[in-house]
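Shown next, in structure tokens, is the structure this report addresses.
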Amino acid sequence: MLSRLSRRSFCTAGGPRPWLFVGLGNPGDKYKGTRHNVGFEMIDTFAQSQGIEMNTVHCKAIFGQGFVGDTPVFLAKPQTYMNLIGESSGPLAAYYKLPLNRVLVFHDDMNLPCGVLRLHDKGGHGCHNGMKSVIYHFRGNKEFPRLRIGIGRPPGQMDPKAFLLQRFSLTAQERIDTALREGVDILNVLLSKGLSESARRFNTEQKYKHIRLQTLPA
């Protein structure tokens, strides 16, 4: 069974180097389906697409592991709550001795229209508390890839914190569901072709999607 494969069998010398995908979110039914949890949803959607079971707990995260082609992949949904999420992602990267350019973080982003994605090789935290925690536990290193999942901005004078913890409207959820499927597609390209090529192709496609969606309500 995949869950019984050892760290050594996943990190065999000579084979493709593993990737660690970390989705950001909050644990528990209270937060399921909220805007702040789209990182968890991306992990679940990818896991389901590959038949990877998220059935163990490791380094304070719900965890799964498998292969996509010949490439080993670790999937994690930290259970520490958002503001402390680095307490899981940092030890996971250290446990598998992964360079940070093989750790891809999925997170919600209010600076992108709902349903628009961006794939980058590095960046700041963008005032996202989960990303602040991840960077802190990566010893301040910001040079790790991330998949930003647009959730749009709060309407009017709405408190951003309240907006993040709301569930999506029907229209917005449809856009997110489409975005998650697009995310699976680009992750498969990333695992086979590498980050640079997949990001260049993907971000061009998403740029035009951004133009279409930025003026539409969600």
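In this chain, numbering begins with 1 at the start of the sequence shown. Keep in mind that this is a model prediction, so the values were computed, not measured.
Here CD of Glu182 is found 8.0 Å from CD of Glu205. Values are rounded to the nearest 0.5 Å. Expressed to the nearest 0.5 Å, how far CG of Asn129 lies from CG of Asn83 amounts to 4.5 Å. Within the model, atoms CD1 of Ile149 and CG of Leu180 stand 6.0 Å from one another, a figure rounded to the nearest 0.5 Å. The distance from the CG atom of Leu24 to the CZ atom of Phe106 is 10.0 Å, given to the nearest 0.5 Å. Summarising the geometry, atom CD1 belonging to Ile176 is positioned 4.0 Å from atom CZ belonging to Phe168; distances are rounded to the nearest 0.5 Å. The structure places SG of Cys59 at 12.0 Å from CD of Glu87, a figure rounded to the nearest 0.5 Å.
Closest heavy-atom contact between Val184 and Ser49: CG1-OG, 3.5 Å. Pairing each heavy atom of Phe163 with each of Gly152, the nearest pair is CE2-O, 3.2 Å. Heavy atoms only, all atoms of each residue included: Met158 and Pro154 are closest at O-CB, 3.8 Å. Looking at every heavy atom in both residues, Asn37 comes nearest to Gly25 through OD1-CA, 3.5 Å. Thr71 and Arg17 get closest at one heavy-atom pair: CG2-O, 3.8 Å. Closest heavy-atom contact between Gly86 and Ser133: N-OG, 2.8 Å.
Two different hydrophobic clusters hold Val57 and Tyr31 under the rule that ILVMFWY side chains link at heavy-atom gaps under 4.5 Å. In this structure, Trp19 is not a member of the same hydrophobic cluster as Phe40, with clusters built from ILVMFWY side-chain heavy atoms closer than 4.5 Å. Linking Ile, Leu, Val, Met, Phe, Trp and Tyr whenever their side-chain heavy atoms come within less than 4.5 Å puts Val189 and Ile52 in one cluster. By the rule that hydrophobic residues join a cluster once side-chain heavy atoms approach within less than 4.5 Å of another member, Leu98 and Val105 end up as members of one cluster. Residue Tyr95 is not grouped with residue Tyr136 when hydrophobic side chains (ILVMFWY) are merged at heavy-atom distances under 4.5 angstrom, including chains of intermediate members.
Side-chain atoms of Asn101 never come within 3.5 Å of backbone atoms of Glu143 as a donor-acceptor pair (strictly under, hydrogens ignored). Put simply, the side chain of His125 gets close to the backbone of Cys127: a donor and an acceptor are under 3.5 Å apart. Under the 3.5 Å distance criterion, the side-chain polar atoms of Arg146 are matched with a main-chain donor or acceptor of Gly124. Without hydrogens or angle criteria, Arg102 side chain to Pro18 main chain gives a donor-acceptor distance under 3.5 Å. A donor-acceptor pair under 3.5 Å links the side-chain atoms of Lys209 to the main chain of Gly115, judged by distance alone.
With contacts defined as side-chain heavy-atom distances shorter than 4.5 Å, the pair Ile62/Gln79 qualifies. Between Ser198 and Leu119 the shortest side-chain heavy-atom distance falls below 4.5 Å. A heavy-atom distance below 4.5 Å is not found between the side chains of Leu195 and Leu104. For the pair Leu190/Glu197, no side-chain contact is recorded, criterion being any heavy-atom separation below 4.5 Å from C-beta on. Side chains of Ile186 and Leu117 form no contact here, defined as non-hydrogen atoms less than 4.5 Å apart. Phe144 has its side chain within reach of Ile135: a pair of non-hydrogen atoms, C-beta onward, lies under 4.5 Å apart. Counting heavy atoms from C-beta on, the side chains of Leu187 and Phe21 come closer than 4.5 Å. Side-chain atoms of Asn188 and Phe46, non-hydrogen and from C-beta on, do get closer than 4.5 Å to each other.
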What do the steps show when you test Val134 against Ile85 for side chain to side chain contact (heavy atoms under 4.5 Å, CB included), and what is the final call?
CA-CA 6 Å; Val134 170; Ile85 217 154; 3.6 Å; yes
Could you walk me through whether Phe74 and His58 satisfy the ring pair (Phe, Tyr, Trp, His ring centres under 6.0 Å) test, starting with their C-alpha distance in whole Å, then the side-chain angles of each, then the deciding distance to 0.1 Å, before giving a yes or no?
CA-CA 11 Å; Phe74 304 110; His58 182 31; 8.4 Å; no
Walk me through whether Thr56 and Gln65 qualify under side chain to side chain contact (heavy atoms under 4.5 Å, CB included).
CA-CA 9 Å; Thr56 59; Gln65 57 189 26; over 6 Å; no
Side chain to side chain contact (heavy atoms under 4.5 Å, CB included) between Asp108 and Arg35, intermediate numbers included:
CA-CA 7 Å; Asp108 56 288; Arg35 293 181 176 91; 5.8 Å; no
Side chain to side chain contact (heavy atoms under 4.5 Å, CB included) assessment of Lys161 paired with Leu165
CA-CA 7 Å; Lys161 293 181 180 178; Leu165 299 180; 5.8 Å; no
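One side chain, Asp177 or Gln173, offers a donor N or O that lies under 3.5 Å from an acceptor on the other. Under the 3.5 Å distance criterion, with hydrogens and angles disregarded, no donor-acceptor pair is assigned to the side chains of Arg175 and Thr178. Counted by atom type alone, Arg118 and Gln206 present zero donor-acceptor pairs between their side chains at under 3.5 Å.
Remark: Asp70 CG is loosely packed, at most 12 non-hydrogen atoms of other residues, nucleotides or ligands lying under 6.0 Å away.
Among Met42, Met82, Arg148, His36, the one residue that satisfies the side-chain contact (heavy atoms from CB on, under 4.5 Å) test with His107 is Arg148.
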